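Contents: one structure, followed by commentary.
Note on naming: letters A, B, ... go to the chains in the order of the sequence lines (proteins, then strands), and numbering restarts at 1 for each one. Only a predicted model underlies this, so the values are computations on that prediction, with no experimental measurement involved.
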Amino acid sequence: MDVRGTVADEVEVRSVSTSYGESQLAEVPLVLADDHEPTTVVCWNKWTESAELLEPGMELLVTNAEREEYQGETQYKTTGDSYVVVEPSFLVNVTAIRNWTECPRLYYLNKLSGVPLNYPVVKGTLVHEVFGDLLRGRELEDSIEARVDERGLQLGLLGESPDAVAEDVRENAKAIEGWLEQGRLTEEDSWRSEQLLISETFGIRGRADAIRRGAPVELKTGKNLKKEPRFKDKVQAACYALLLEEHGGDVDLGTLLYTKNSALDRNEETGDLTPAKEFSMGDGLLKYVVRLRNEIAAAEMAGDVPTGYEGNAKCEYCFEQDTCMVVSGRLDQESKAGQIGQPLPAEEREFFERFSRAIEEERREVHREYAKLWEQDAQERADDDRAMIDLEFEEKRELEEGRWELTARRTSGAASKLREGDLVLASDGHPVRGQSELARIERLDEESVILTADEAVEVTRLDVYPSELTTDRLLVALHDMLLKGDERRKDVLFDRAEPEFDAIEETFIDNNAAQNEAVAMAVGARDFALIHGPPGTGKTYTIARAIRAMVERGERVLLSAFTNRAVDNALEALLEQLEDVVDDDRIVRVGSESGVRDDMEPYRLERAGDPEERVAELENAQVVAATTATCGSRIMKEQSFDAALVDEAAQLTEPGTFAAINLAERFVLVGDHEQLPPVVRAENDLTESLFERLVDLHPDAGVMLDRQYRMNQRIQVFASREFYDGQLRPATPEVAGRTLDDLEGVTRDDLPETLRDPVAFVDVEGDGSRYTDSVEAARIAELIDTYEDAGVDRSAIGVIAPFRAQVSEISSHVPEDVAVDTVDRFQGSSKEVIVVSFTATGSLEGPIFEDYRRINVALTRPKRALVLVGDSQALGSDPVYGRMLEWARR
DNA sequence: TCTCTGCTGAGAGGA
């Protein structure tokens, strides 16, 4: 039986004499899943190593345990078939285990500083791709040509020519092909290429290069002259064996394919140079691998930093020795390799530790998402918008690259988070236990979904595949800023120096003093400048104007923001400014096809193609626009800029901002910390943006844009008073006096008297539910009819609600062309008429109402009319909402 | 059940 529970207390380890001699045992006090009293689980012999890693609060799983009575108590013990798994829901990558065997610190360094772009790695990847293609039946030359072409940009950055790379790959691939030919002679050979496997039992995930007759085949591009495979390679193959066992296999053999060992050179007698080395995988190896995996899971939970003393690796052979010494020197960490250089000032080390802890907390939240793949049932996942269930498999079509196009019909119109371009787990019923494969959503509409995948899964369900990519990049950005960052930059960020400015006399914008000053500060900043842009104050225009001024001075500029939408918006305004200043082909948008808005596609940098051409496109670009996540990619990290402008900077975490500003000499942050803060999963230090911290630290380095071009005066009064010290004012009399009467075909006199004022309040008692309110929704539907009757176009109306549930409730009551969305998603846009649904009866309970920045966003979306719909009693119970009520009812 | 966007990902190798 399997025993699973939470560790209740310290683990005791001792030695006992048994009939087999001296044995080790560990007694783990464990509270079982549906129990309250702790019971004891005894882990015998080697499993004591894993048991010793446990701390109270950690999860533990023991498979094939046996129940026994000991001194009158029921307890459990490991048997010969048991596995002991620490924190089973923490999925560890196979490559992490491989790194960890070599040296635990290598695993840490890889996470911290990432793997830079280098040719051996790219070549290795190419050879793997070609190997996969060969297994799927693609022609060798065909595959090489296509795969080399796909990596044009990367190869260009490395200065490689396509022909030389192709030749290089061909050499490795020849060995594979020769070996494959031999393999194909055997009748019972069955092949499967690259499969993503997840084990919920062992907490491991990985992608096997190939599976032959149910056993893993691992491809290595390097040479191995020894008779035996390398130990770490065996460990890697053993990981895949564990994954396959969980999926019903019974694996006792592994194959390692060293492609530099040519099949033709093979020495018949010793077999030394054969590319393929087969080895048998015993129980001992598999259990060893699980113990290694346990070490990683426990270290991640405890937040330990490995020193390198844990393993017996020799530092003098290690390629990461220098990095290792620098990191331990700068952060004053203990390490086997020793330290080089001066430690960072204490405050910087403290900052690094605080933020890396926060990022690791975020990572654990992502891992919780993985665990939900098997811990929640299909319906729960669907209700959570994390899965699309009830699909009907329709057809599979083989694509020329040997990949598959899969089509499924949607049988229910249920909403979901899944969108075109997303990477998903496509399965025939269960994302982990069933047949499943990573797939990309190519097309998605109400009726059907079209996917592409390496294998032809008969798909009936799609699950969101959580990604650690952003957390990985945050950690690297933090590392780069603190360990590699410019000293002057850190002096100003850590308040050891004041930011400096060159005086700029030029006038850039002649009808708005604050905007003009903002541009002058952005252009003249030697370190950084901050532009505080409340709603409707033209910050996008100001950014565009500032970038134009920089470009005119011959500078190279990076334009970034957290979301693709913000990047594209800013780029759109910029294109207008740069029309006669820079050639179109010197403006480049870096990002994925699905992320970049269609009208910006002409500017998007293609990754495939001729290396020289691709790299020239990027390097000749005077303006590059990309999300901050993309700024952390290997390609962008090779780029450098004179200035980085970051829009919506108040919505970015500090490390997120670093990813962009690390690439530039100086930077300009533009945002509004009185609107919504960064989205983070865990409660931690990431919730305050660098923008906000710098505004507090160096108020003189910034300007607030104080003229708004959006709202009627009556509408903006409350937000101005409550959030901007009364500083925010209409830019022109036209703005101040705008009403619905200005719109073609609209007469305010056709509205009921209560709605003629630009701000109105509609008191609705509500239905008392928690996250929806059908009474409010019905009332809102009536209001929309009323506005329509007065001549207002439906597309000019927006409805904002705090909860997603209420958004769908309202959506079902109102016509389709009325935009209904959450506050969070409305940020950044505006409408002529905005109706706000507060969805609260009696009192204002719940965290959503606690952050007042959310009402600032909601109330500053309209241009000409704002209608608040809610229960006056509930709203009156909070001072800020109460003042809002007074203002609205005036 | 509070809100939620990023991103191909997992692995690629050098003695």
task: Please figure out whether A:R151 or A:E218 has its closest DNA chain B nucleotide nearer the 5' end.
output: A:R151
task: Look at all strands and tell whether A:F849 reaches a base, only sugar-phosphate, or nothing, counting heavy atoms closer than 4.0 Å.
output: nothing
- request: From the options B:dT3, B:dA10, B:dC4, select the nucleotide whose nearest atom is closest to the side chain of A:R825.
  value: B:dC4
- prompt: Base, sugar-phosphate, or nothing for A:R440, non-hydrogen atoms under 4.0 angstrom?
  reply: base
field: Any donor-acceptor N or O pair under 3.5 Å, side chains A:T471, A:E362
entry: no
OP1 or OP2 of B:dA10 under 4.0 Å from side-chain N/O of A:R205: yes
task: Looking at every strand, decide which applies to A:K220 at a 4.0 Å heavy-atom threshold: base, sugar-phosphate, or nothing.
output: sugar-phosphate
- line: Testing B:dT5, B:dG13, B:dC7 for proximity to the side chain of A:P120, the answer is B:dG13
- prompt: When all nucleic acid strands are considered with a 4.0 Å heavy-atom cut-off, which category describes A:S633: base, sugar-phosphate, or nothing?
  reply: nothing
task: Output the single nucleotide from B:dA10, B:dA12, B:dC2 whose closest atom is nearest the side chain of A:Y771.
output: B:dC2
query: Out of B:dA12, B:dT8, B:dG6, which has the shortest distance to the side chain of A:R681?
result: B:dG6
query: With a non-hydrogen cut-off below 4.0 angstrom, is A:R634 in contact with a base, only sugar-phosphate, or nothing?
result: base
query: Given B:dG6, B:dA15, B:dG11, which nucleotide is nearest the side-chain atoms of A:R419?
result: B:dG6
message: Keeping A:R147 on the side-chain end and A:V130 on the backbone end, is there a donor-acceptor pair under 3.5 Å?
response: no
field: N/O donor-acceptor pair under 3.5 Å between A:S113 side chain and A:N110 backbone
entry: no
query: Which nucleotide in the list B:dA15, B:dG13, B:dG11 gets nearest to the side chain of A:K232?
result: B:dA15
Of the listed nucleotides B:dG13, B:dC7, B:dG11, the one nearest the side chain of A:T221: B:dG13
query: Which nucleotide in the set B:dA10, B:dG6, B:dG14 lies at the smallest distance from any side-chain heavy atom of A:Y370?
result: B:dA10
- prompt: B:dT1 P sits how many Å from A:R386 CZ, rounded?
  reply: 14 Å
message: So A:K314, base contact, sugar-phosphate only, or nothing? Heavy-atom distance under 4.0 Å.
response: nothing
query: Checking side chain to side chain contact (heavy atoms under 4.5 Å, CB included) against A:L425, which of A:L196, A:V457, A:V464, A:L462 comes through?
result: A:L196
query: How would you label the contact of A:S467 with the nucleic acid (heavy atoms, under 4.0 Å): base, sugar-phosphate, or nothing?
result: base
field: Sugar-phosphate, base or nothing in reach of A:N564, heavy atoms under 4.0 Å
entry: sugar-phosphate
message: Using the P atom as the point on both nucleotides, what is the distance between B:dC4 and B:dT8, in whole Å?
response: 23 Å
message: So if I take every side-chain heavy atom of A:I848 and compare against B:dG6, B:dC2, B:dA12, which nucleotide ends up nearest?
response: B:dC2
message: Given the structure, check if the side chain of A:T470 and the base of B:dG6 hold any donor-acceptor pair shorter than 3.5 Å.
response: yes
query: Within the modelled atom types, does a donor on one side and an acceptor on the other bring the side chain of A:R854 and the base of B:dT3 under 3.5 Å apart?
result: yes
message: Once rounded to the nearest 0.5 Å, what's the spacing between atom CG of A:L559 and atom OG1 of A:T627?
response: 11.0 Å
- line: Picking from B:dA15, B:dC7, B:dT8, the nucleotide nearest the side-chain atoms of A:R230 would be B:dA15
query: Roughly, in whole Å, what's the span from CD1 in A:I441 to P in B:dG9?
result: 13 Å
message: Using modelled atom types and a 3.5 Å cut-off, is there a donor and acceptor pairing between side-chain atoms of A:N93 and backbone atoms of A:T95?
response: no
- prompt: NA contact type, A:F826, heavy-atom cut-off 4.0 Å: base, sugar-phosphate, or nothing?
  reply: nothing
